[in-house]
2 protein chains.
Amino acid sequence: MVAKLGRFAALAESDKTMLAALEKDEREYRKDEVIVQCGETVKELFVVKSGWLASYSLLDDGRRQLLRLFYPGDIVDLSEIALLRCRHDIKCLTAAVLCPFPKSGLEPLFTHSPRLTALLFSMTVRENSTLLDRIRAIGRFSAYERVCYLLLEMALRLHAIDGLQADGAFRLPLTQSDIADLLGLTNVYVSKTMSRIEADGLIARDGNRVKILKPQAMAELCNFNGDPTIDSSWFPVH
Amino acid sequence: MVAKLGRFAALAESDKTMLAALEKDEREYRKDEVIVQCGETVKELFVVKSGWLASYSLLDDGRRQLLRLFYPGDIVDLSEIALLRCRHDIKCLTAAVLCPFPKSGLEPLFTHSPRLTALLFSMTVRENSTLLDRIRAIGRFSAYERVCYLLLEMALRLHAIDGLQADGAFRLPLTQSDIADLLGLTNVYVSKTMSRIEADGLIARDGNRVKILKPQAMAELCNFNGDPTIDSSWFPVH
DNA sequence: CGAATGCTTGAAGCTTATCAAAGCTGGTGG
DNA sequence: CCACCAGCTTTGATAAGCTTCAAGCATTCG
């Protein structure tokens with residue numbers, strides 16, 4: 001996590017120490033294991049060491065909407081610190097290693113490091129921004145555009161944490177049902193859409209590996225702007 | 001704004017003073033006036049004194065997605081403080097009075113009041129939570145459910161700032177095209193859907209006034225949970 | 001009063017969902 | 001090491017929900 005945050009702003013040694021304290025315990029989780037259940041009172045947060053997680057919401061009739069994906073280096077779920085009760089389920093999409101820490105573990109950080117506080121605030125805003133992008137995608141994009149969009153976003157996100165393979169391809173640990181629930185589609189139509197995207201020569205697939213062949217064309221197709229740039233100029237110095 | 005934030009946690013006098021400083025200037029804006037344009041470097045933020053605003057994203061071919069609504073007491077756009085360039089347009093849905101202040105106006109607040117910082121952080125998380133709810137609505141709800149959802153959310157939001165009329169009705173300053181762009185629908189279908197909702201006896205309409213007749217039934221219909229509860233127990237004391 | 005804007009209603013069409021069945025793949029136990 | 005099985009993906013046929021297009025009506029404003 002120090003590595004991830006350090007990309008956005010220089011950190012003092014004391015800041016690094018505080019962050020490292022959050023990662024001192026490790027716990028392993030199996031694929032599909034549920035980490036947090038909707039309605040629970042949240043006492044613990046987690047730093048993701050490895051693996052993918054997702055938060056999601058279930059409706060009475062079985063409909064499901066995936067809300068967020070958590071990658072290595074993320075905090076699950078930083079937002080929950082401010083809420084009394086958790087509003088969504090969170091589970092492992094792959095086997096994962098998490099570093100649990102009590103909610104109060106962030107307290108010293110808020111009281112002693114304005115700079116680190118600003119940084120966490122910025123991370124929350126950034127996440128916010130990706131949610132807005134997805135609202136736009138689900139609300140106004142065709143299925144074809146939505147899938148392109150998701151693939152680009154994942155590639156970008158993985159690139160940032162060195163999760164891409166040498167040739168730029170990446171393993172897609174989501175099932176097509178997961179992708180459908182993330183984008184407001186059905187698994188059947190995701191399958192048909194991905195086949196079309198592949199037939200059009202925009203991507204190549206091999207098992208669950210995906211390689212984006214024409215990132216430029218795909219980005220134009222779905223108005224993909226990449227990540228917002230964090231402005232650290234206003235951060236308190238210490 | 002002091003009133004709005006004070007609802008979530010007790011504020012020290014010094015905190016109130018800092019907040020009040022943000023609201024010392026006032027400027028009037030006309031309906032449809034654009035406050036912030038996509039791509040601009042953000043130097044100024046605003047406290048909404050009166051009126052409604054919305055941020056939105058335009059696609060090349062004219063499609064539009066409304067992203068957020070801003071009500072009196074909100075900061076437009078708190079998120080932008082952390083971003084170098086603005087990613088969306090923001091405009092007035094009604095005539096409005098805003099209090100502009102420079103981005104740097106928040107700096108003393110971050111450096112001198114951990115408690116206020118935590119509160120702003122919480123507000124951001126809370127907004128985050130409503131975005132997740134809307135992702136769920138757009139991704140998995142039918143048009144009928146989406147419109148019910150939006151009306152409930154607005155009523156709740158207005159209730160919190162005493163914006164409801166005596167009989168519980170409220171003026172809806174959005175056009176049906178706005179509602180459509182907020183929910184990922186078309187203006188035509190919003191019209192048909194609202195007529196159905198009214199025919200079903202869930203709401204009553206008179207011009208642009210709306211009254212929710214059966215809030216309970218509507219809430220069950222669309223799994224409406226109300227607002228998340230903010231946990232202020234972890235806030236630094238001063 | 002005329003023009004502009006927004007709302008309503010109907011008909012036709014398209015994207016996506018639903019249902020169903022068959023093919024593929026990776027993991028497990030014999 | 002192979003066969004089996006469960007879960008995932010693919011493909012096709014049909015259906016539903018929403019969009020698009022178009023015209024008429026209502027309201028507001030200069």
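These values consider heavy atoms only, across backbone and side chains, with no hydrogens, waters or symmetry-generated copies. Naming convention: chains lettered A, B, ... in sequence-line order (proteins, then strands); numbering from 1 in each chain. Since the model is a prediction, treat every value here as computed from it, not as a measurement.
The nearest whole Å value for the distance from the CG atom in B/Leu185 to the P atom in C/dT16 is 14 Å. Regarding A/Met194, its CE atom lies at a distance of 16 Å from the C1' atom of D/dT11, rounded to whole Å. Between B/Arg209 atom CZ and D/dT27 atom P the separation is 16 Å, expressed in whole Å. When rounded to the nearest whole Å, the span between CG of A/Leu183 and P of C/dA17 equals 11 Å. What separates CD of B/Glu145 from P of D/dC18 is a distance of 9 Å, to the nearest Å. A straight line from CG of A/Asp181 to P of C/dA17 spans 11 Å, rounded to a whole angstrom. Residue B/Arg140 contributes atom CZ, which lies 13 Å from atom P of C/dT16 at whole-angstrom precision. Nucleotide D/dC29 holds its P atom 10 Å from the NZ atom of B/Lys31, rounded to whole Å.
Residues B/Thr175 and B/Asp178 bring a donor and an acceptor atom of their side chains to less than 3.5 Å of each other. Looking only at atom types and distance, the side chain of B/Ser129 has a donor-acceptor partner in the side chain of A/Arg87 under 3.5 Å away.
Residue B/Arg205 is in sugar-phosphate contact alone, with no base atom involved, counting any heavy-atom pair closer than 4.0 Å across all strands shown. In this structure, B/Val188 reaches the bases: a heavy-atom distance under 4.0 Å links it to at least one base atom across the strands shown. Heavy atoms of B/Thr175 sit under 4.0 angstrom from primed sugar atoms or phosphate atoms, though from no base atom.
For D/dT11, the OP1/OP2 oxygens have a side-chain nitrogen or oxygen of A/Ser195 closer than 4.0 Å. Taking only side-chain nitrogens and oxygens, A/Tyr189 comes nearer than 4.0 Å to OP1 or OP2 of C/dT16. Between B/Thr186 and D/dT20 there is no side-chain N or O to OP1 or OP2 distance below 4.0 Å.
When the nucleotides D/dT10, C/dT9, C/dC7 are ranked by their closest atom to the side chain of B/Gln176, C/dC7 comes out on top. Taking only side-chain atoms of B/Ser191, from C-beta outward, the nucleotide of D/dT20, D/dT11, C/dC7 with the closest atom is C/dC7.
Between the side chain of B/Lys192 and the base of C/dG10 there is at least one donor-acceptor pair of N/O atoms closer than 3.5 Å.
Ionic pairing of B/Lys214 and B/Asp200 is not present here: no N-O contact between side-chain nitrogen and carboxylate oxygen is shorter than 4.0 angstrom.
Each of A/Leu174 and B/Arg196 lies near DNA chain D, and the nucleotide nearest A/Leu174 is the one positioned closer to the 5' end. Map A/Gly207 and A/Asn187 each onto its nearest nucleotide of DNA chain C; the residue landing nearer the 5' end is A/Asn187.
Stacking of B/Arg64 on the aromatic ring of B/Tyr56 is recorded, both the 6.0 Å distance cut-off and the 45° axial limit being met.
A ring-centre distance under 6.0 Å is found for B/Tyr71 and B/Trp52.
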